[in-house]
Colleague: 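Right, I'll just put the structure down here and ask away after.
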Amino acid sequence: VSSNGSLDGGPAIFNRGLDSSIGTVALTGADVSDNVAGGAGGGGGIGNPGNGSVTVDASSFSGNHAAYSGGAISNSGDGLVTVDASSFSGNNAVYSGGAIDNSGRGAVEVVGSTISDNRAGSPDDNDETGDGGGIDNLGEGRLTIAASTISGNAGGAEGGGVRSGGKAHLTVTDHSTISDNSAESG
C-alpha cells in the first residue's frame with residue numbers, strides 16, 4: 001500500500017464502523033509507505049475514525065504523512081487498533097502522533113514492535129507544535145505498550161516518544177524500552 005494521497009481528506013486505508021456496523025481491517029506482512037492524508041483527516045496509512053477494528057501483524061509503516069494526526073495510523077473514535085511484530089519509521093504528523101494517534105475513547109495495543117525516527121510537528125523542524133513524536137494518546141483513550149521499543153522520535157512540543165494526557169490511560173509492560181526521544185517540553 002504505497003504512494004496514495006489526498007490533499008483534502010483521508011488515508012490510504014479508511015475503516016469507518018458506524019453504530020452497529022463494525023468495520024474490520026487486517027494487514028499481515030504489509031508494507032504501508034509514502035502515503036499522505038491532507039486536510040483535517042488523520043492517518044496517512046490507516047484512518048480508523050469510528051468503532052472499527054484494525055489488526056496489523058508483521059508489517060512496516062514508513063514515510064507516511066498526515067497533515068493533522070497519526071502519520072501512519074489514526075484511531076479517533078471508539079475503535080480498537082492492535083499492532084504486533086511491526087515497525088514504524090520516518091512517519092510524520094503535523095499536530096499529533098508522528099506514528100500513531102489515539103484519541104477519543106478507543107484503544108491501541110502495541111506488542112513486540114519498534115517505533116523509531118518518527119516526528120510530530122512541522123516537517124521543517126522549525127515549529128514547536130506537534131505532540132507525541134512516536135505515539136499520542138489523548139481523550140479517554142487506552143494505550144498499552146508491551147515488549148516494544150520506542151526510540152529516536154521527536155515531538156515539536158510535548159512527548160518525544162509518547163504523550164498521554166487528559167483522561168487517557170497508559171500501560172507499559174514486558175520490558176518495553178522508551179529512550180532517546182526528544183521534545184521541546186518533555
Side-chain angles (χ1 to χ4, degrees), residues 5-16 32 35-50 52 54 56 61-81 83 88-110 113 115-145 148 150-172 178 181-186:
S6 172
L7 294 177
D8 63 352
I13 299 171
F14 185 77
N15 183 43
R16 184 176 189 134
V32 181
N35 298 291
V36 176
I46 299 174
N48 192 43
V54 174
V56 175
F61 290 76
S62 63
N64 298 292
H65 174 78
Y68 195 74
S69 63
I73 297 175
S74 175
N75 187 45
S76 59
D78 295 329
L80 170 64
V81 174
V83 175
F88 295 77
S89 65
N91 300 289
N92 172 261
V94 174
Y95 290 104
S96 60
I100 300 172
D101 182 73
N102 185 42
S103 57
R105 295 183 305 237
V108 172
E109 300 172 357
V110 178
S113 296
I115 298 174
S116 61
D117 303 316
N118 300 285
R119 177 170 172 72
S122 173
D124 64 14
D125 291 331
N126 294 324
D127 191 349
E128 292 183 10
T129 62
D131 300 312
I135 303 174
D136 197 46
N137 184 45
L138 278 183
E140 296 178 31
R142 296 175 315 280
L143 171 61
T144 301
I145 300 167
S148 295
I150 299 174
S151 65
N153 301 288
E158 298 177 347
V162 176
R163 179 181 78 149
S164 188
K167 295 181 180 181
H169 299 277
L170 170 63
T171 303
V172 180
I178 301 174
N181 300 287
S182 64
E184 288 296 317
S185 58

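Owing to the predicted nature of the structure, the values given are computational and were not obtained by experimental measurement.
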Colleague: Might you point out which heavy atoms bring G43 and A37 nearest each other, and give the distance in Å?
Modeller: O-CB, 3.7 Å
Colleague: On a heavy-atom basis, which atom in P49 and which in S76 lie closest, and how many Å separate them?
Modeller: CA-OG, 3.3 Å
Colleague: Examine distances only and state if a side-chain atom of N181 and a backbone atom of V162 form a donor-acceptor pair shorter than 3.5 Å.
Modeller: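 Not a single qualifying donor-acceptor pair exists.
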Colleague: When you look at I46 and F61, which way does the side chain to side chain contact (heavy atoms under 4.5 Å, CB included) test go after all the steps?
Modeller: CA-CA 10 Å; I46 299 174; F61 290 76; 4.0 Å; yes
Colleague: Taking all non-hydrogen atoms of both residues, which atom of G159 and which atom of A183 are closest, and how far apart?
Modeller: N-CB, 3.7 Å
Colleague: Under the rule for salt bridge (Lys or Arg N to Asp or Glu O under 4.0 Å), what residues qualify as partners of D101, not counting sequence neighbours?
Modeller: none
Colleague: Short question: side chain of D131, backbone of G155 - any donor-acceptor pair under 3.5 Å?
Modeller: no
Colleague: Determine yes or no for a side-chain-to-main-chain donor-acceptor pair under 3.5 angstrom, with N118 supplying the side chain and N92 the backbone.
Modeller: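 Not at all, since once roles are kept as given, no pair shorter than 3.5 Å links the two residues.
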Colleague: Looking only at heavy atoms, which two atoms of H169 and S164 are closest? And how far apart?
Modeller: C-OG, 4.3 Å
Colleague: What orientation do Y68 and Y95 show, parallel under 30°, tilted 30 to 60°, or perpendicular over 60°?
Modeller: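 The rings of Y68 and Y95 sit tilted, inter-plane angle from 30° to 60°.
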Colleague: Can you tell me how far the CG atom of N75 sits from the CG atom of L80, to the nearest 0.5 Å?
Modeller: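 The CG atom of N75 sits 7.5 Å away from the CG atom of L80.
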Colleague: Has N64 got a side-chain atom pairing as donor or acceptor with N35's backbone, closer than 3.5 angstrom?
Modeller: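 A pair under 3.5 Å: yes.
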Colleague: Mind checking salt bridge (Lys or Arg N to Asp or Glu O under 4.0 Å) for D78 and listing every partner two or more places apart, or none if nothing turns up?
Modeller: R105
Colleague: Distance check, rounded to the nearest 0.5 Å: S182 atom OG versus N153 atom CG?
Modeller: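 S182 atom OG to N153 atom CG measures 8.5 Å (nearest 0.5 Å).
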Colleague: Which heavy-atom pair separates R163 from D136 by the least distance, and what is that distance?
Modeller: NE-OD1, 2.7 Å
Colleague: Of all heavy-atom pairs between L170 and I145, which one has the smallest distance, and what is that distance?
Modeller: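 That would be CD1-CD1, 4.1 Å.
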Colleague: Rounded to the nearest 0.5 Å, what separates atom CD1 in I135 from atom CD1 in I115?
Modeller: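 Here the rounded value is 3.5 Å.
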